[in-house]
Amino acid sequence: MRALLFCLCGLLSSFVHADPLPPMLAQRAPADIDPARYWVSEKLDGVRARWDGQALRLRNGAVIAAPAWFIAPLPGFPLDGELWLGRGRFDELSGIVRRERPADADWRAVRYMLFDLPGADGDFSQRLARMQQLVEVTAADWIRVVPQQRLADRAALQALFDEVVAGGGEGLMLHRADARWTAGRSDALLKLTPLLDAEATVLAHLPGKGRHRGRLGALEVVDAAGRRFRIGSGFTDAQRAAPPAIGAVVTYRYRELTPRGQPRFPVFLRERVLP
C-alpha cells in the first residue's frame, strides 16, 4: 500500500498545492451531443467541496467545518468533489455543512464523492484512474469516486438520462475523456438536465391572493444580466410563510428564455444558503 501511495503522489507531483485556481465549471450540453468521447456520471444534488490539501472549502473559499476524522485520510494535494447524502436530501445536507461545530453522528452519513483533481497533469481518463487509486489507498468508506461510465451513442445517453431523472436524480455530467484539466467553462465538462437552472437576487416579496392571502405570493427577483421577473411557484407552505429575505440569492428552474429574454415559467428551487 505504501508503494501504491508513493506512486500516486509521484504522479500528482505537478499539482498547484495552494488553491488559487478558479474552479472547473460545466456548460450545458448541446442537443446533438455525441457521448462517445465522454465519461458520463450522475449530476449529484450535493454541496461542492474542494480539498486544498489542508481543508475542505466551498467554492468561495470558506472552510467547511468537517470533523477531523472525516478529512484525516485526505491527501496533501487538491481534490474536487461533492459532499452528498443521497438524492433529494440537499436541504438536510446543507444544514449539516453549515454548522460551525460539526455533529459527528450527522457526518457519518455524508460521502465525499470525488470527480476531479484540480491542476493535475493528464487527461480525464488518467485523472479518473488516479482518483480510483487514491480511494483504494485511503480505504475510507466515506471517500469515493463518482461512478463514471462510457456510452456508445445518444440513444444510450437518453436512456440513462431518463432513468436517472425518473429516479429523482438531477441529470448527468459529461467529462471529455481526452481533456486536460482547465479552469472555467469549456466543452471539457458538460451538464445535461431536464430544465435550465440559474440564480437571482430577491428584490421584494409580493403578497399572495386566494389561499395564499397573508403569505408570499411571489418573489420579485433580478438576475446577473439585470433581468427583473417574478417567481411564483415551487414554494412549500412553510417557505411562503417565511420566504427568503430581501437580498437573498435563490436558485430557480425554467424551460427557456422568451423572445424578450425573460425566463419562461420560472420555478423556485431553493435558497442558496451556502456561499
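- The only option from Leu58, Leu85, Leu56 that meets the side chain to side chain contact (heavy atoms under 4.5 Å, CB included) definition with Val47 turns out to be Leu58.
- A continuous path of Ile, Leu, Val, Met, Phe, Trp and Tyr side chains, each step under 4.5 Å between heavy atoms, connects Val110 with Leu114, placing both in one hydrophobic cluster.
- Side-chain atoms of Asp52 come within 3.5 Å of backbone N or O of Gln54 as a donor-acceptor pair.
- Counting heavy atoms from C-beta on, the side chains of Tyr252 and Pro263 come closer than 4.5 Å.
- Comment: Asp141 engages Arg111 in a salt bridge, judged by a side-chain N to carboxylate O separation of less than 4.0 angstrom.
- Here Ser94 contributes atom OG and Leu83 contributes atom CG; the two are 11.5 Å apart, rounded to the nearest 0.5 Å.
- A distance-only check finds a donor-acceptor pair linking the side chain of Tyr112 to the backbone of Ala49 [under 3.5 Å].
- A 4.5 Å side-chain heavy-atom check between Val250 and Glu199 finds every atom pair outside the cut-off.
- In this structure a side-chain-to-backbone donor-acceptor pair under 3.5 Å is present from Gln262 to Arg228.
- For the pair Pro78/Arg50, no side-chain contact is recorded, criterion being any heavy-atom separation below 4.5 Å from C-beta on.
- Among all heavy-atom pairs drawn from Arg57 and Ile64, the shortest one is C-CD1, 4.0 Å.
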Applying side-chain contact (heavy atoms from CB on, under 4.5 Å) to Asp45 and Arg270, what does each step give before you reach the verdict? CA-CA 12 Å; Asp45 184 20; Arg270 67 172 69 96; 2.9 Å; yes
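- For the atom pair OH of Tyr38 and CG of Asp187, the computed distance is 4.5 Å after rounding to the nearest 0.5 Å.
- Checked against ring pair (Phe, Tyr, Trp, His ring centres under 6.0 Å), Trp107 has the following partners two or more places apart in sequence or in another chain: Phe70.
- Within the model, atoms CD of Gln148 and CE of Met131 stand 7.0 Å from one another, a figure rounded to the nearest 0.5 Å.
- Of the possible donor and acceptor atoms, one in the side chain of Gln239 sits under 3.5 Å from a partner among the backbone N and O of Thr236.
- In summary, Arg99 and Asp106 engage in a salt bridge, as defined by a charged side-chain N under 4.0 Å from a carboxylate O.
- Arg150 places a side-chain N or O within donor-acceptor distance of the main-chain N or O of Ala36, the cut-off being under 3.5 Å.
- Residues forming a side-chain hydrogen bond (donor to acceptor under 3.5 Å, both in side chains) with Asp34 (at least two apart in sequence, or on another chain): none.
- Residues Ala218 and Leu216 share a closest heavy-atom pair of O-CD1, 3.1 Å.
- Listed by chain and number, the hydrophobic cluster partners of Leu25 come to none, as no ILVMFWY side chain reaches under 4.5 Å of it.
- What you find for Ala26 and Met173 is that their closest heavy atoms are CB-CE, 3.6 Å.
- For the residue pair Leu172 and Glu42, the shortest heavy atom distance occurs at CD2-CA, 4.2 Å.
- By the 4.5 Å heavy-atom criterion applied to side chains, Leu189 and Gln27 are not counted as neighbours.
- Clustering of Ile, Leu, Val, Met, Phe, Trp and Tyr side chains at separations under 4.5 Å leaves Leu269 isolated, with no partner residue.
- Taking the charged nitrogens against the carboxylate oxygens, Arg154 and Asp32 have no contact shorter than 4.0 Å, which rules out a salt bridge.
- Proximity of a side-chain donor or acceptor of Gln126 to a complementary backbone N or O of Asp123 within less than 3.5 Å is detected.
- Panel note: side chain Arg240, backbone Arg215; no donor-acceptor pair is recorded below 3.5 Å.
- The minimum heavy-atom distance linking Pro102 with Ala66 is given by the pair CG-C, 4.1 Å.
- By the criterion of side-chain heavy atoms lying less than 4.5 angstrom apart, applied directly or through intervening Ile, Leu, Val, Met, Phe, Trp or Tyr residues, Trp51 is grouped together with Ile96 in one hydrophobic cluster.
- Remark: Arg127 does not engage Asp121 in a salt bridge, criterion side-chain N to carboxylate O under 4.0 Å.
- Listed by chain and residue number, nothing satisfies the side-chain hydrogen bond (donor to acceptor under 3.5 Å, both in side chains) test with Asp153 (two or more places apart in sequence, or in another chain).
- Contact check for Val267 versus Ile231: no side-chain heavy atoms found under the 4.5 Å cut-off.
- Trp142 and Trp69 have their aromatic ring centers within a separation under 6.0 angstrom.
- Of the N and O atoms on the side chains of Thr193 and Arg253, not one donor lies less than 3.5 Å from an acceptor on the other residue.
- Side-chain contact check for Pro23 versus Arg48: some heavy-atom pair is nearer than 4.5 Å.
- Hydrophobic cluster membership is shared by Leu128 and Leu134, with clusters built from Ile, Leu, Val, Met, Phe, Trp and Tyr side chains linked at under 4.5 angstrom.
- Between Arg211 and Asp237, some side-chain heavy-atom pair lies under the 4.5 Å cut-off.
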Between Trp39 and Ser125, is a side-chain contact (heavy atoms from CB on, under 4.5 Å) present by the stated rule, with each step listed? CA-CA 8 Å; Trp39 285 95; Ser125 292; 2.8 Å; yes
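- In this structure, the separation between CZ on Phe265 and CG on Leu196 is 13.5 Å, given to the nearest 0.5 Å.
- A continuous path of Ile, Leu, Val, Met, Phe, Trp and Tyr side chains, each step under 4.5 Å between heavy atoms, connects Val145 with Ile71, placing both in one hydrophobic cluster.
- Cluster membership check: Val146 does not share its hydrophobic cluster with Leu160, using side-chain heavy-atom separations under 4.5 Å among Ile, Leu, Val, Met, Phe, Trp and Tyr.
- If you take NZ on Lys43 and CG on Leu190, they are separated by 13.0 Å, rounding to the nearest 0.5 Å.
- Phe77 has its side chain out of reach of Arg130: every pair of non-hydrogen atoms, C-beta onward, lies at least 4.5 Å apart.
- The CD atom of Glu136 sits 14.0 Å away from atom CD1 of Ile143, with the distance rounded to the nearest 0.5 Å.
- In summary, Lys191 and Glu170 do not engage in a salt bridge, as defined by a charged side-chain N under 4.0 Å from a carboxylate O.
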Run the side-chain contact (heavy atoms from CB on, under 4.5 Å) test on Asp197 and Arg28 for me, step by step, so that the C-alpha distance in whole Å, both residues' side-chain angles and the decisive distance to 0.1 Å come before the verdict. CA-CA 10 Å; Asp197 57 73; Arg28 189 159 297 279; 4.0 Å; yes
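- Applying the ring-ring contact (aromatic ring centres under 6.0 Å, His included) rule to pairs touching residues 168-204 yields Phe124-His175, sequence neighbours excluded.
- The two residues Ile246 and Ala204 have their closest heavy-atom pair at CD1-CA, 3.5 Å.
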inquiry  = side-chain contact (heavy atoms from CB on, under 4.5 Å), that's the test. Do Leu174 and Leu157 meet it? Break it down for me.
reply    = CA-CA 10 Å; Leu174 294 86; Leu157 181 68; 4.3 Å; yes
